[in-house]
There are 2 protein chains.
Amino acid sequence: METFLPKFDSVFSIDCVIFGLDEGELKILLIERNEEPFKNWWALPGYIVEQDESIDNAAERILYELTGLRGIYMDQFYTFGDVNRHPQGRVITVAYYAMLRLSGNKELKPVSNYASKAVWISVKDIPKLAFDHEKIFIRGFEKIRNKISYQPIAFELLPEKFTLTQLQNLYEVILNKKLDKRNFRKKMLNYGILKELNEKQKGVSYRAAKLYKFDKRKYAKLFQKELTFGK
Amino acid sequence: METFLPKFDSVFSIDCVIFGLDEGELKILLIERNEEPFKNWWALPGYIVEQDESIDNAAERILYELTGLRGIYMDQFYTFGDVNRHPQGRVITVAYYAMLRLSGNKELKPVSNYASKAVWISVKDIPKLAFDHEKIFIRGFEKIRNKISYQPIAFELLPEKFTLTQLQNLYEVILNKKLDKRNFRKKMLNYGILKELNEKQKGVSYRAAKLYKFDKRKYAKLFQKELTFGK
DNA sequence: AATATAGTGTGTATTTTTTACACTAAGTAA
DNA sequence: TTACTTAGTGTAAAAAATACACACTATATT
């Protein structure tokens, strides 16, 4: 088919803000760039979208190529399109985020040599980043903070079995404030999306806490709280 | 500067979902296309982003060119990037939305002849649309429904001075459900973002209602409700 | 065996928010 | 004057959110 579309020298990319929780510390995934521009700088995992792949697929592929992480489901959260965000031309980037459990220490091994390495870095300790990636990161962090405030989604970051204290710590890290233990438990248990297990924490030198699991089926029924006016 | 960027035959565009309220009826802005593909079809106002303009600026420009509406502030809400969403090539589109008051009957007059006309059409009566614009519209509608559920933003759609009944009707239209009058008023007035005027509705053949204004300053202080756990 | 330690686990009273619900008041039109 | 139509209002009950403190229990230490 003949195309009427103008051909611009412009490029799409994807950038990923991937959150993970490591022993109570919230981290994100960064790569060290192995190409100009910003060679040897830290950056969000991101690359160019191919012409024949959807942006969702591109996101998954790119994350895999740069970090070795496979099949991670991500959500789009914002598209950054300032004219000069890339020094070499017009690049519009669609930013995705995901929250991952780091249990099992997923190995990070870039497949593409566009990245020389990929590492988890604490959100409290983010170095200078290439391009406008700091802006993208901040926006992504706001996104999950906002999301967690409406929907109890923080489970994605925890190991499959977790204690209520771990869950509370996670909330405290993301929301950046202290919460009351009794109220937190009351509310969480009230959601009815936790399943108490007949198991306890192991290897701690104090009273072991009960372990819980996240109940996805029940979660699906909950969801989004609305502005209400009665009746 | 030498560029290392690959040159793809790919294009960005912007599409706009513009809501307006016309005598209690929620409408969106559509254009009739004057170019292939989908010539003579209805579509969301949308066009291609130039290489030297930010996507936010592009959105504003494009909306102006296709509808004559000027200086409308829009927010991005999603980027659509399926491979085959455009029959003639790879086009990724960033969707924007806005909510407008239709008081004063802003005239719609396409400047570019890419659109043969622009009209307001009731959301209950949307025709078949070009490309994947129906999907974009639905997503935009969800976006404002969701937004209005967290933040009392519906004022943007009303004339400067409005009655509480008008405001309630608007909420009912967007949320698609009946609300209780007393509870609605109690809650709205409680937000403290309405300013009661010393004026009444005119030209109605029944008891005239008080008029209110939206108080932007106080609104800025309110904002977003969070998941709480006490203390 | 006793003790120190560190985190677990629990209840209640108060306040605030949400909900359900129905009639009178005011203005217009005939 | 009356009929009509929408505006405007309050309260009681239920549910949710908040503030707040101590005893329990498993382990490690002596």
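So that the names make sense, note that chain A is the first sequence line, chain B the second, and so on, each numbered from 1.
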Practice problem: Output yes when at least one side-chain N/O atom of A:Thr165 is less than 4.0 Å from OP1 or OP2 of C:dG7, else no. | Solution: no
Self-check item: A:Lys187 NZ - D:dA19 P separation (whole Å)
Solution: 12 Å
N/O donor-acceptor pairs under 3.5 Å from side chains in residues 204-218 of chain B, not counting sequence neighbours:
from: B:Lys210; atom 1: NZ; to: B:Glu196; atom 2: OE2; distance (Å): 3.3
from: B:Asp215; atom 1: OD1; to: B:Arg217; atom 2: N; distance (Å): 3.1
from: B:Asp215; atom 1: OD1; to: B:Lys218; atom 2: N; distance (Å): 3.2

Exercise. Could you tell me which residues satisfy salt bridge (Lys or Arg N to Asp or Glu O under 4.0 Å) with A:Glu199, sequence neighbours excluded, listed by chain and number?
Key: A:Lys161
Practice problem: Report the distance from atom NZ of A:Lys202 to atom C1' of D:dT25, rounded to the nearest whole Å. | Solution: 18 Å
Quiz item: Just checking B:Lys186: base, sugar-phosphate only, or nothing, at a heavy-atom cut-off of under 4.0 Å?
Solution: base
Quiz item: Do A:Gln201 and A:Thr163 get their side chains close enough for a donor-acceptor pair, meaning under 3.5 Å?
Solution: no
Can you give me every donor-acceptor pair (side chain of residues 67-77 of chain A, partner residue at least two apart or in another chain, under 3.5 Å) with its distance?
from: A:Thr67; atom 1: OG1; to: A:Leu63; atom 2: O; distance (Å): 2.6
from: A:Thr67; atom 1: OG1; to: A:Leu69; atom 2: N; distance (Å): 3.1
from: A:Tyr73; atom 1: OH; to: A:Asp75; atom 2: OD1; distance (Å): 3.2
from: A:Gln76; atom 1: OE1; to: B:Thr79; atom 2: N; distance (Å): 2.8
from: A:Gln76; atom 1: NE2; to: B:Thr79; atom 2: O; distance (Å): 2.8

Quiz item: Heavy atoms under 4.0 Å, any strand shown: does A:Thr163 hit a base, just sugar-phosphate, or nothing?
Solution: nothing
Exercise. Could you grab the distance from atom CG of A:Asn146 to atom CD1 of A:Ile174, nearest 0.5 Å is fine?
Key: 12.0 Å
Please list, pair by pair, any protein nitrogen or oxygen found under 3.5 Å from a nitrogen or oxygen in nucleotides 24-26 of chain C.
from: C:dA25; atom 1: N3; to: B:Arg207; atom 2: NH1; distance (Å): 2.8
from: C:dA26; atom 1: O4'; to: B:Arg207; atom 2: NE; distance (Å): 3.4

Quiz item: Whole Å only: how far is the CD atom of B:Gln168 from the C1' atom of D:dT6?
Solution: 12 Å
Quiz item: On a plain distance test, is the side chain of A:Asn190 in donor-acceptor contact with the base of D:dA16 below 3.5 Å?
Solution: no
Quiz item: Looking for any heavy atom pair under 4.0 Å, which part of the strands does A:Lys181 touch: base, sugar-phosphate only, or nothing?
Solution: base
Quiz item: Excluding sequence neighbours, so at least two apart, what forms salt bridge (Lys or Arg N to Asp or Glu O under 4.0 Å) with A:Lys135?
Solution: A:Asp82
Quiz item: Considering only heavy atoms, which members of residues 192-199 of chain B lie under 4.0 Å from some atom of DNA chain C?
Solution: none
Practice problem: Sequence neighbours left out, what passes side chain to side chain contact (heavy atoms under 4.5 Å, CB included) with B:Ile138? Give chain and number order. | Solution: B:Glu134, B:Glu142
Exercise. Sequence neighbours left out, what passes ring-ring contact (aromatic ring centres under 6.0 Å, His included) with B:Phe38? Give chain and number order.
Key: B:Trp41, B:Phe131
Self-check item: DNA chain C: 5'-proximal contact among B:Ala208 and B:Arg182 (nearest heavy atom)
Solution: B:Arg182
Self-check item: Qualifying residues under ring-ring contact (aromatic ring centres under 6.0 Å, His included), relative to A:Phe141, sequence neighbours excluded
Solution: A:Phe19, A:Phe137
Quiz item: Whole Å only: how far is the CG atom of A:Asp180 from the C1' atom of D:dC22?
Solution: 14 Å
Quiz item: Taking NZ from B:Lys178 and P from C:dT19, how many angstroms apart are they, rounded to a whole number?
Solution: 17 Å
Quiz item: Are OP1 or OP2 of C:dT10 and a side-chain N or O of A:Arg185 less than 4.0 angstrom apart?
Solution: no
Practice problem: Would you check if there is a donor-acceptor pair between the side chains of A:Tyr96 and A:Asp56 at a distance under 3.5 Å? | Solution: yes
Practice problem: Could you check how far CZ of A:Phe184 sits from P of C:dG9, rounded to whole Å? | Solution: 13 Å
Quiz prompt | Interatomic distance where CG belongs to B:Leu179 and C1' belongs to C:dT18 [whole Å] | solution = 14 Å
Practice problem: Specify the separation, in whole Å, of atom OH of A:Tyr212 and atom P of C:dT8. | Solution: 11 Å
